[in-house]
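Reading through the structure tokens given below for one structure.
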Amino acid sequence: MNTNLAYDAKLAYYHITQLAFPRLVDSVGEAEAQDYIVEQFTRLGLEVSWEPFSFTKFPAEVLPRILSALFVPVVLFVPWFGERFPLLLCLACLLSLVTALFFTQWQNRLEGLYDVGRKYRTENIIAKNGAKQDGNTPAFLFVAHYDSKSQVLPIAVRAISYGIAITGLLVLTTLLLIKLFTLVWLPNYIVWGVAGITGLCLLILQINLTRNHSPGGFDNASGVGVMLEVARVVMARDEKIPITFLATGAEEFGMCGALRYVQTHADEYDRENTYVINLDGLGVGNGVNLVTRYGIPPTRTTRGLSDLFQASGESLGIQVSDRYLPIGVGLDSIPIASRGFETVTLTAGDVSSAALRIHSKRDSSDLLNVESLQQVGELIVDVIERT
């Protein structure tokens with residue numbers, strides 16, 4: 001094992017290049033990635049275990065298509081029948097809007113949907129440094145998903161389509177309320193324009209088929225590579241606080257690995273003293289983004305952990321920015337946060353430069369730069385030292 005006590009982004013980048021190949025769930029590439037990660041964790045002297053789990057693609061692949069298909073007729077009925085039946089269609093639009101917003105939040109009560117339909121199996125890879133959590137001892141759980149996928153729509157297009165669809169539902173509901181209370185009906189070309197754009201975005205989301213063509217360099221070989229190098233530093237420094245490194249499977253099908261892990265192991269951690277750091281999409285641009293809120297309305301996943309990263313950023317001269325993720329993108333931190341853990345997702349300072357390449361053949365390790373990977377690694381190591 002390399003016993004250098006300093007974080008070295010070049011080593012992280014090497015891991016990224018070794019993992020940057022298509023690795024969709026249940027593919028040959030997925031098995032190769034699993035073997036590589038286990039080998040690296042084992043070489044470091046960590047306590048490594050495989051944890052198989054089952055899941056279905058219903059929540060991530062089927063349910064969104066069902067909902068968007070149901071919303072389309074509601075949207076198109078507004079310009080056809082809105083002037084004659086404003087109350088009925090207002091209620092339908094309002095119900096559609098509430099349903100859409102409901103699914104921007106993680107719903108523990110609906111986790112049973114991950115057992116609906118055809119079952120798939122994959123594994124989480126768990127590595128621990130052997131220290132035990134007791135009393136007020138802090139603990140860290142680092143998470144990074146190792147699977148990748150390609151889709152017809154780049155992730156940026158998908159997020160924008162979701163946003164436009166929800167905005168369109170809101171506008172149509174407002175137009176119907178105006179009709180109900182003032183009897184004013186806007187010109188049909190305006191109503192048709194809003195309904196047409198909204199319906200088009202809902203239909204576009206239907207074609208977002210999943211394939212296995214993305215090397216996943218940015219999403220998310222980058223997160224795994226950084227995690228492996230942080231693990232090396234932790235073992236080289238013989239850190240005494242308990243640290244778990246979790247490489248999750250099936251994140252691309254609805255954060256399944258993180259969900260199954262927290263369902264099984266949540267009670268093994270002291271929630272008040274456990275910090276969960278998810279690594280997803282690193283190595284582009286300057287600085288580091290912290291995703292600390294998600295959904296509509298915003299749900300905050302951390303306070304103290306965010307403060308720790310901000311303090312480290314100021315100390316190291318690294319720009320650290322809080323970010324809000326409203327819709328369209330899932331993160332492994334979300335199901336874990338739903339169990340009451342302090343969680344944060346670290347992403348690159350300039351995700352926008354890679355946004356159109358995510359979930360495509362163009363998501364290669366060539367997108368990344370060592371300087372950006374160095375910043376995030378130094379930030380993580382400093383946060384560990386501060387606890």
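Each residue takes its place number in the sequence, starting with 1.
Here the side chain of Q133 pairs a donor or acceptor atom with the backbone of T137 at under 3.5 angstrom. At least one donor-acceptor pair closer than 3.5 Å links the side chain of R23 to the backbone N or O of Y146. No donor-acceptor pair under 3.5 Å is formed between the side chain of K179 and the backbone N or O of V184. Although no hydrogens or angles enter the test, the distance criterion places a donor-acceptor pair under 3.5 Å between the side chain of N129 and the main chain of I243. Checked by atom type and distance alone, the side chain of S214 never pairs as donor or acceptor with a backbone atom of D363 at under 3.5 Å. Here the side chain of Y114 pairs no donor or acceptor atom with the backbone of S54 at under 3.5 angstrom. No donor-acceptor pair closer than 3.5 Å links the side chain of N289 to the backbone N or O of T347. In this structure, S372 contributes its side chain and N369 its backbone to no donor-acceptor pair below 3.5 Å. The closest donor-acceptor contact from the side chain of N124 to the backbone of E51 lies at 3.5 Å or more, if one exists at all. Put simply, the side chain of S338 gets close to the backbone of P335: a donor and an acceptor are under 3.5 Å apart.
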Fill in: side chain to side chain donor-acceptor pair (under 3.5 Å) between E252 and N220, worked out
CA-CA 10 Å; E252 300 290 8; N220 183 39; over 6 Å; no

Practice prompt. Before giving the answer on side chain to side chain contact (heavy atoms under 4.5 Å, CB included), spell out for L228 and Y36 the whole-Å C-alpha distance, their side-chain angles and the decisive distance to 0.1 Å.
Written response: CA-CA 11 Å; L228 289 172; Y36 182 84; 4.2 Å; yes

Worksheet item: When you look at T122 and E30, which way does the side chain to side chain contact (heavy atoms under 4.5 Å, CB included) test go after all the steps?
Response: CA-CA 9 Å; T122 187; E30 183 200 38; 2.6 Å; yes

Item to complete: Please step through salt bridge (charged side-chain N to carboxylate O under 4.0 Å, His left out) for the pair R339 and E111, ending with a clear verdict.
Response: CA-CA 12 Å; R339 297 307 200 277; E111 289 176 2; 2.8 Å; yes

Practice prompt. With side chain to side chain contact (heavy atoms under 4.5 Å, CB included) as the test, would you mind laying out the steps for E371 and Q375 before giving the verdict?
Written response: CA-CA 6 Å; E371 292 78 11; Q375 286 183 332; 6.0 Å; no

Worksheet item: salt bridge (charged side-chain N to carboxylate O under 4.0 Å, His left out) between D238 and K240: does it pass, once the steps are laid out?
Response: CA-CA 6 Å; D238 193 24; K240 301 304 181 184; 2.7 Å; yes

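Using a 4.5 Å cut-off on side-chain heavy atoms (C-beta onward), T264 and F53 make no contact. Side-chain contact check for V381 versus R237: some heavy-atom pair is nearer than 4.5 Å. Between F71 and I166, every side-chain heavy-atom pair lies at or beyond the 4.5 Å cut-off. By the 4.5 Å heavy-atom criterion applied to side chains, M235 and L46 are counted as neighbours. Side-chain contact between L209 and Q151: absent, with no pair of heavy atoms (C-beta onward) separated by less than 4.5 Å. Between E47 and S49 there is no side-chain heavy-atom pair separated by less than 4.5 Å. The shortest distance between side-chain heavy atoms of F103 and L63 falls below 4.5 Å. Counting heavy atoms from C-beta outward, L205 and R158 have side chains that approach closer than 4.5 Å.
F181 and L170 end up in different hydrophobic clusters when Ile, Leu, Val, Met, Phe, Trp and Tyr side chains are linked at under 4.5 Å. Cluster membership check: L346 shares its hydrophobic cluster with M255, using side-chain heavy-atom separations under 4.5 Å among Ile, Leu, Val, Met, Phe, Trp and Tyr. V234 is not connected to L11 by any chain of hydrophobic side-chain contacts under 4.5 Å among Ile, Leu, Val, Met, Phe, Trp and Tyr, and they are in different clusters. No chain of hydrophobic side-chain contacts below 4.5 Å, direct or via other Ile, Leu, Val, Met, Phe, Trp or Tyr residues, connects L44 to V143. If you chain together hydrophobic residues whose side chains sit under 4.5 Å apart, V191 and L88 fall into the same group.
Residue L97 forms a side-chain contact (heavy atoms from CB on, under 4.5 Å) with just one option from T167, V74, L169, and that option is L169. Considering F245, F41, Y275 as possible partners of F142, the one that fulfils the ring pair (Phe, Tyr, Trp, His ring centres under 6.0 Å) test is F245.
E342 and T274 form no side-chain donor-acceptor contact under 3.5 Å, judged by distance and modelled atom types alone. Side-chain atoms of Q206 and S68 include a donor-acceptor pair closer than 3.5 Å. N188 and E83 form no side-chain donor-acceptor contact under 3.5 Å, judged by distance and modelled atom types alone. Side chains of T248 and D332: a donor on one and an acceptor on the other come within 3.5 Å. Side-chain N/O atoms of Y120 and R118 include a donor and acceptor closer than 3.5 Å. E61 and T210 are linked by a side-chain donor-acceptor pair at a separation below 3.5 angstrom, with hydrogens and angles left out of the test. Defined by atom type and a distance below 3.5 Å, a donor-acceptor pair is present between the side-chain atoms of D219 and H145.
Residues D350 and G285 approach most closely at CB-CA, 3.7 Å, considering heavy atoms. Counting all heavy atoms, side chain and backbone alike, I126 lies closest to H265 at CD1-NE2, 4.2 Å. Shortest non-hydrogen contact noted between A348 and V351 is O-CG2, 3.4 Å. Smallest separation of non-hydrogen atoms from P215 and K361: CD-O, 3.5 Å. Scanning both residues, A247 and I37, for their nearest heavy atoms gives CB-CG2, 4.1 Å. Across all non-hydrogen atoms, the minimal contact from T343 to L305 is C-CD2, 4.1 Å.
Dense packing is recorded around CG of D307, with more than 12 heavy atoms of other residues, nucleotides or ligands lying under 6.0 Å away. For Q310, the CD atom sits in a packed shell: over 12 heavy atoms of surrounding residues, nucleotides or ligands are nearer than 6.0 Å.
Here D382 pairs with R386 in a salt bridge; the nearest charged N to carboxylate O distance falls below 4.0 Å. Checked for salt-bridge contact, R271 and D267 meet the test: a charged N lies under 4.0 Å from a carboxylate O. Salt bridge annotation for D115-R260: present, with a cationic side-chain nitrogen under 4.0 angstrom from a carboxylate oxygen.
Note: Y269 and F341 have perpendicular aromatic rings, judged against thresholds of 30 and 60 degrees for the angle between ring planes.
How far CZ of R300 is from CG of D322: 6.0 Å, rounded to the nearest 0.5 Å.
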